[in-house]
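Notes for the one structure printed next.
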2 protein chains.
Amino acid sequence: MKSPAELTETFRANGLKVTPQRQLLFGLMHGNTVHPTAEALFAEASARMPGISLRTVYQTLTDLASMGELRLIDVGAGATRFDPNTDDHHHVVCSSCGEVRDVYVAGSDRLKVDGLDGFRIEEASILFSGTCVTCASETVSRASARG
Amino acid sequence: MKSPAELTETFRANGLKVTPQRQLLFGLMHGNTVHPTAEALFAEASARMPGISLRTVYQTLTDLASMGELRLIDVGAGATRFDPNTDDHHHVVCSSCGEVRDVYVAGSDRLKVDGLDGFRIEEASILFSGTCVTCASETVSRASARG
DNA sequence: TTGTCAATCTGCAAAGAGTGCGAACTAACA
DNA sequence: TGTTAGTTCGCACTCTTTGCAGATTGACAA
Ligand SMILES: [Mn+2]
Ligand SMILES: [Mn+2]
Ligand SMILES: [Zn+2]
Ligand SMILES: [Zn+2]
């Protein structure tokens with residue numbers, strides 16, 4: 001995702017207004033690596049700008065996504081995640097706490113794939129799922145506590 | 001997924017009853033390759049057994065899933081798909097019509113993956129998306145019709 | 001065959017995640 | 001400072017899935 005300053009230019013150049021709500025969200029998403037949900041972002045935004053609406057958060061997020069500044073990530077659990085990292089990358093999700101992290105994969109061009117005949121493929125995404133280090137250690141300590 | 005006859009045994013062995021509704025769903029899912037949604041299955045089931053409830057379809061499907069007889073597939077578009085194919089495989093979804101097909105991938109063990117440190121990985125799923133042959137040709141014919 | 005009882009079925013309410021809409025508001029530019 | 005197209009916000013509503021509870025019925029034993 002571009003910087004808030006660059007986005008300001010881009011928005012104006014496209015006939016879109018740069019409102020305080022949008023500026024706030026530009027700032028909250030820029031460099032954000034946690035892959036937040038709209039609700040999570042709404043909570044952060046509300047702390048800084050009481051009264052901002054969830055509707056506006058969704059609006060701005062989907063606007064940014066349709067401009068290619070944001071990727072929508074579906075980790076198959078509840079809400080969509082928003083990702084300002086537009087590099088070619090994949091994700092791993094903790095099935096316990098929902099944490100999402102970036103995963104970079106090389107060599108996917110050498111995979112032997114069977115079943116795509118007839119399809120014009122536009123995208124391939126790999127989703128790893130498992131247990132993050134925090135959740136793993138919590139499980140361990142609970143087990144010890146029980147004896 | 002096991003055959004309807006085998007499932008009948010398994011269910012009884014686990015203290016679960018074998019009702020007409022369940023038998024019908026066993027039959028509808030066995031060997032089913034279309035990755036139907038609960039609603040789609042409900043429609044098929046209703047044709048053969050008027051009065052069956054959507055609630056029961058969901059119930060039976062999630063029961064089968066928790067027994068490992070069915071896989072739940074999330075193609076990131078609306079409803080969950082149910083898959084009786086428990087082989088190690090992946091999927092491709094048509095972004096136009098929603099069709100889902102099986103994809104077999106070999107060589108994934110040789111991928112160079114960066115970013116999984118600290119995670120205990122339990123699963124990795126690859127989702128391809130693109131346009132199926134039917135939707136591609138429809139686009140072509142519409143384009144020709146327009147000149 | 002009949003009785004018993006836990007498991008099941010169904011309908012309906014409700015939750016979670018978004019989206020459509022329109023009245024009130026405001027950034028951008030003249 | 002005025003004009004106006006673009007925004008914001010609240011609310012109703014859709015869609016998918018789950019919770020609940022009363023009515024029903026398989027499964028097993030007598
Ligand atoms: Mn990412
Ligand atoms: Mn499949
Ligand atoms: Zn975790
Ligand atoms: Zn298609």
Side-chain angles (χ1 to χ4, degrees), chain A residues 4-5 7-26 28 35-43 45-46 48-67 70-82 93 98 100, chain B residues 4-5 7-26 28 35-43 45-46 48-67 70-82 93 98 100:
Chain A
L7 286 173
T8 295
E9 301 226 339
T10 306
F11 266 58
R12 292 227 176 92
N14 284 52
L16 302 178
K17 295 178 179 173
V18 178
T19 65
Q21 291 88 341
R22 285 180 175 171
Q23 295 182 68
L24 173 58
L25 290 167
F26 294 170
L28 290 177
H35 304 86
T37 62
E39 286 280 359
L41 226 30
F42 172 59
S46 294
R48 307 229 189 351
M49 184 187 287
I52 189 173
S53 77
L54 177 59
R55 191 68 188 80
T56 295
V57 174
Y58 271 111
Q59 190 77 261
T60 302
L61 254 19
T62 52
D63 285 350
L64 285 168
S66 68
M67 296 169 70
L70 234 44
R71 277 180 55 189
L72 277 55
I73 316 278
D74 182 352
V75 294
T80 299
R81 309 300 195 100
F82 295 86
V93 58
V100 175
Chain B
L7 286 173
T8 295
E9 301 224 339
T10 306
F11 267 58
R12 293 224 176 95
N14 284 51
L16 302 178
K17 295 178 180 174
V18 178
T19 64
Q21 290 89 341
R22 287 181 173 170
Q23 295 183 68
L24 173 58
L25 290 166
F26 293 169
L28 289 178
H35 304 87
T37 63
E39 284 282 357
L41 227 30
F42 172 58
S46 294
R48 307 228 188 353
M49 183 186 286
I52 190 174
S53 75
L54 176 59
R55 191 68 187 80
T56 295
V57 174
Y58 271 109
Q59 190 77 261
T60 302
L61 253 19
T62 53
D63 285 351
L64 284 168
S66 68
M67 296 169 71
L70 234 46
R71 278 180 55 189
L72 278 55
I73 315 276
D74 182 352
V75 295
T80 300
R81 308 300 194 101
F82 295 86
V93 57
V100 175

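In what follows, chains are A, B, ... by sequence order, proteins preceding strands, each numbered from 1.
Nearest-nucleotide positions on DNA chain D place B:Thr80 closer to the 5' end than the other of B:Pro20 and B:Thr80. Place A:Glu39 and A:Gln59 on DNA chain C by their nearest nucleotides, and A:Glu39 ends up nearer the 5' end. Nearest-nucleotide assignment on DNA chain D puts the 5′-proximal partner with A:Phe11, out of A:Phe11 and B:Ala38.
Looking at the side chain of B:Lys17, the nearest of the listed nucleotides C:dA6, C:dC9, D:dT17 is C:dA6. Candidate nucleotides D:dT17, C:dT8, D:dC9 were compared by shortest atom distance to the side chain of B:Ala79, and D:dT17 ranks first. Out of D:dT18, D:dG10, C:dC9, the shortest distance to the side chain of B:Tyr58 is found at D:dT18.
Across the protein-nucleic acid pair, A:Met49 atom CE and C:dT26 atom P stand 12 Å apart, rounded to whole Å. Between the CG atom of A:Leu54 and the P atom of D:dA12 there is a distance of 16 Å, given to the nearest Å. Rounded to whole angstrom, the span from the CG atom of A:Leu24 across to the P atom of D:dC9 amounts to 11 Å. Between the CZ atom of B:Arg12 and the P atom of D:dA29 there is a distance of 13 Å, rounded to whole Å. With rounding to whole Å, A:Leu61 atom CG is found 15 Å from D:dT7 atom P. One atom, CG of A:Asn14, and another, P of C:dA28, lie 13 Å apart when rounded to the nearest Å. Per the geometry, CD1 belonging to A:Ile52 stands 14 Å off C1' belonging to D:dG10, to the nearest Å. Whole-Å rounding puts the B:Leu25 CG to C:dC9 C1' distance at 12 Å.
The phosphate of C:dC9 has neither OP1 nor OP2 within less than 4.0 Å of any side-chain N or O from B:Ser53. Within the 4.0 Å cut-off from OP1 or OP2 of C:dT19, not a single side-chain nitrogen or oxygen of A:Thr62 is found. Dashed line: the shortest gap from a side-chain N or O of A:Gln21 to OP1 or OP2 of D:dC9 is under 4.0 Å. The phosphate of D:dT8 has OP1 or OP2 within less than 4.0 Å of a side-chain N or O from A:Arg22. Within the structure, a side-chain polar atom (N or O) of A:Thr19 is placed less than 4.0 Å from OP1 or OP2 of D:dT8.
In this structure, the side chains of A:Ile73 and A:Val93 stay at 4.5 Å or more apart for every pair of heavy atoms.
Looking only at distances, a side-chain donor or acceptor of B:Arg81 sits under 3.5 Å from a matching main-chain atom of B:His35.
Of the residues A:Thr56, A:Thr37, A:Leu70, the one that meets the side chain to side chain contact (heavy atoms under 4.5 Å, CB included) test with A:Leu61 is A:Leu70.
Across A:Gly76 and B:Asp74, no two heavy atoms sit closer than the pair CA-OD2, 3.0 Å. Here the closest non-hydrogen pair linking A:Leu72 and A:Ala65 is CD1-CB, 3.1 Å.
Under 3.5 Å, the side chain of A:Arg55 and the base of C:dG20 form at least one donor-acceptor pair of N or O atoms.
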